Asker: 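Starting off with a structure, shown below.
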Amino acid sequence: MVAAAKSTENSPRPSIGFHALTLATFFGASAAPTPLYRIYQESFSVSPVLITVIFAVYAFALLAALLIAGSISDHLGRKPVIFFALVLEIVAMGLFVVASGPDWLIAARIVQGLATGIAGASIGAALVDVDRAKGQIVNSIAPLCGMAVGAVGTSALIQYGPFPMHLIYALLLVAFTLQAAAIWLTGETGAKRPGALGSLIPRVTVPKQVKRPLSLVTPINIANWTLAGFYLSLVPSLVATTTGSRAPLTGGAVVTALMVSGAIAVYLRRSKTASANLAFGVSAKTLGILTVVAGVHLANVPLLLVGTIFTGVGFGTNFLGSIGTIMPLAKPDERAGLLSAFYVQSYLAFSLPAILAGFLAKSAGYALTTDIYATAILLLMGVGLMSIRADRRKVAGSAA
């Protein structure tokens, strides 16, 4: 702790703004391929299944990076690890620029997932180093804002700019190169300490006192990330197929609506209790999903957007409620392992069902796939909320 303080005293004051922008840029780049998936399908003659595989390998790589290198910046310092993540991301953008088929896209997404996982952990830690309270808020909001800008920005460039499959990645490559240079102008927020090799051993642990609360919020959390994976992998193609609107900005706007409303919900409800957030989140998401399904079957884009806004509010609030249920119960030395377990659950739900959605979309069509997904998500949330309420009544009865 003393070493960390000395490192910041003798160097320029780290900027929350710079780290927030860098974190948002990473997640903006992660959403950039989403509006392009439909174009990749047409240009490279690939199926919805392969598109969801291209999407899912990013999540697997990100999860692997979090588990293996999530705490490496605690030992090597934040700056060199963030710089390494930026270099990896530059390589990923280069692979996207020269991509000429699905194999290139898979390679690019794997490198991008590794880079984003390392960056998310190290930049997130740096933000909390600088200001614990503000850092936690930025860590929750910056990724969602970045993905919103990435989705709508890419859509706009596809629709109005030249080189639709390459321009966004070229611009991001320049942005990451500038950030890689600028990181050395900021102050170091962390201290170097031994044990770097030992930190590479994945540690996924759930403390005894957290096991039951985690099991209770698991259905809601799985439903949350399953929906996010569906939006980021297939929704632009779903919008084009079911509504007939093939303008890239239309699909991009729907994805952006989910992220923006989620970010706003996180900010506005950050002081609410976990149980209140879960109850509110399930209600908002239920209303949103039912509206989205109606929009799909009526081929109505405005209805899709309205439904997505409600769904996004539920998404952000459920995330807050899930984290707020489990993290306060963990001791300080148990938090990293618990967070790793939570992310394993979240990113598996983010990626594996998306591949299933690809198979369903290919065989049954996008509309029926949406119906099946909506039903599963609503059932999971219902089971989760009823289990939480039943457990609360049981505890209250025991106390009485």
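The residues of the chain are indexed from 1 along the displayed sequence. Worth saying up front: this structure is predicted, and the values here are computed from it rather than measured.
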Asker: Can W225 be reached from L360 by stepping across I, L, V, M, F, W or Y side chains whose heavy atoms are under 4.5 Å apart?
Answerer: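 Cluster IDs for L360 and W225 differ.
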
Asker: Can you find a heavy atom in the side chain of P162 that is under 4.5 Å from one in the side chain of L167?
Answerer: yes

Asker: Among D371, T242, T370, which residue satisfies the side chain to side chain donor-acceptor pair (under 3.5 Å) criterion with H297?
Answerer: D371

Asker: With side chain to side chain contact (heavy atoms under 4.5 Å, CB included) as the criterion, how do S346 and N221 come out once you've worked through the C-alpha distance, each side chain's angles and the decisive distance to 0.1 Å?
Answerer: CA-CA 7 Å; S346 301; N221 188 52; 3.1 Å; yes

Asker: Does Y366 OH have over 12 foreign heavy atoms under 6.0 Å away?
Answerer: yes

Asker: Quick check: are there more than 12 heavy atoms from other residues, nucleotides or ligands sitting under 6.0 Å from CZ of F310?
Answerer: no

Asker: Has R389 got more than 12 heavy atoms of other residues, nucleotides or ligands less than 6.0 Å from its CZ?
Answerer: no

Asker: Start with the C-alpha distance between L66 and Y347, add both sets of side-chain angles, then the distance that settles side chain to side chain contact (heavy atoms under 4.5 Å, CB included), and finish with yes or no.
Answerer: CA-CA 11 Å; L66 280 174; Y347 279 101; 4.1 Å; yes

Asker: Looking at G135, is its backbone amide N or carbonyl O close enough to the side chain of N139 to form a donor-acceptor pair, meaning the two atoms are under 3.5 Å apart?
Answerer: yes

Asker: How far apart are the C-alpha atoms of R38 and Q41, what are their side-chain angles, what is the distance that settles it, and do they pass the side chain to side chain donor-acceptor pair (under 3.5 Å) test?
Answerer: CA-CA 5 Å; R38 181 172 60 83; Q41 277 185 262; over 6 Å; no

Asker: Quick check: F26 with F176 (ring centres under 6.0 Å apart)?
Answerer: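 Close enough - the centres of the two rings lie under 6.0 Å apart.
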
Asker: Let me see the working for N224 and S322 under side chain to side chain donor-acceptor pair (under 3.5 Å), right down to the final yes or no.
Answerer: CA-CA 10 Å; N224 225 32; S322 298; 5.8 Å; no

Asker: State, yes or no, whether a side-chain contact exists between K331 and P207 at a heavy-atom distance under 4.5 Å.
Answerer: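 Result no, sub-4.5 Å side-chain heavy-atom pair not found.
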
Asker: Can any side-chain N or O of H75 pair as donor or acceptor with the backbone N or O of P194 at less than 3.5 Å?
Answerer: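 Such a contact is found between H75 side chain and P194 backbone.
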
Asker: With rounding to the nearest 0.5 Å, note down the distance linking OG in S261 to CG in L305.
Answerer: 10.5 Å

Asker: Do V255 and I264 share a hydrophobic cluster (ILVMFWY, side-chain heavy atoms under 4.5 Å, transitive)?
Answerer: yes

Asker: Please tell me whether T311 and Y231 have a donor and an acceptor in their side chains that are separated by less than 3.5 angstrom.
Answerer: no

Asker: Are L268 and L144 grouped together when hydrophobic residues (ILVMFWY) are joined by side-chain heavy atoms under 4.5 angstrom apart?
Answerer: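 Same hydrophobic cluster.
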
Asker: Can we call the ring centroids of Y58 and F350 under 6.0 Å apart?
Answerer: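 Centroid distance Y58-F350: not below 6.0 Å, so no.
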
Asker: Could you tell me the separation between the CD atom of E188 and the NZ atom of K79, rounded to the nearest 0.5 Å?
Answerer: 6.5 Å

Asker: Is there a path of hydrophobic side-chain contacts, each under 4.5 Å between heavy atoms of I/L/V/M/F/W/Y residues, joining I309 to M147?
Answerer: no

Asker: For the atom pair CD1 (I323) and CG (N318), what is the distance rounded to the nearest 0.5 Å?
Answerer: 12.0 Å

Asker: What is the distance from atom OG1 of T52 to atom CG of L232, rounded to the nearest 0.5 Å?
Answerer: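 With rounding to 0.5 Å, OG1 (T52) is 13.0 Å from CG (L232).
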
Asker: With side chain to side chain contact (heavy atoms under 4.5 Å, CB included) as the criterion, how do L227 and I289 come out once you've worked through the C-alpha distance, each side chain's angles and the decisive distance to 0.1 Å?
Answerer: CA-CA 10 Å; L227 177 121; I289 288 174; 4.0 Å; yes

Asker: Inspect the surroundings of CZ in F84 and state if more than 12 heavy atoms from other residues, nucleotides or ligands are less than 6.0 Å away.
Answerer: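 Count not over threshold, so no.
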
Asker: From K272 NZ over to L320 CG, what is the distance, rounded to the nearest 0.5 angstrom?
Answerer: 12.0 Å

Asker: Are the side chains of P143 and L23 in contact, using a 4.5 Å heavy-atom criterion?
Answerer: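 L23 vs P143: side chains touch.
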
Asker: Between T116 and G113 (side chain of the first, backbone of the second, donor and acceptor by atom type, cut-off under 3.5 Å), is there such a pair?
Answerer: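 No, the answer is negative, given that no donor and acceptor are paired below the 3.5 Å cut-off.
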
Asker: Could you walk me through whether I388 and I220 pass the side chain to side chain contact (heavy atoms under 4.5 Å, CB included) check?
Answerer: CA-CA 10 Å; I388 291 169; I220 295 175; 4.0 Å; yes

Asker: Pick one: which of I90, V174, I82, T22 meets side chain to side chain contact (heavy atoms under 4.5 Å, CB included) with Q179?
Answerer: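 So the option named by the test is T22.
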
Asker: Determine whether a donor-acceptor pair (N or O, by modelled atom type, separation under 3.5 Å) exists between the side chain of S155 and the backbone of L249.
Answerer: no

Asker: Are side-chain heavy atoms of T308 and V292 found at a separation under 4.5 Å?
Answerer: yes

Asker: I need the K211 NZ to L329 CG distance, nearest 0.5 Å.
Answerer: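 Interatomic distance, K211 NZ to L329 CG, rounded to 0.5 Å: 14.0 Å.
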
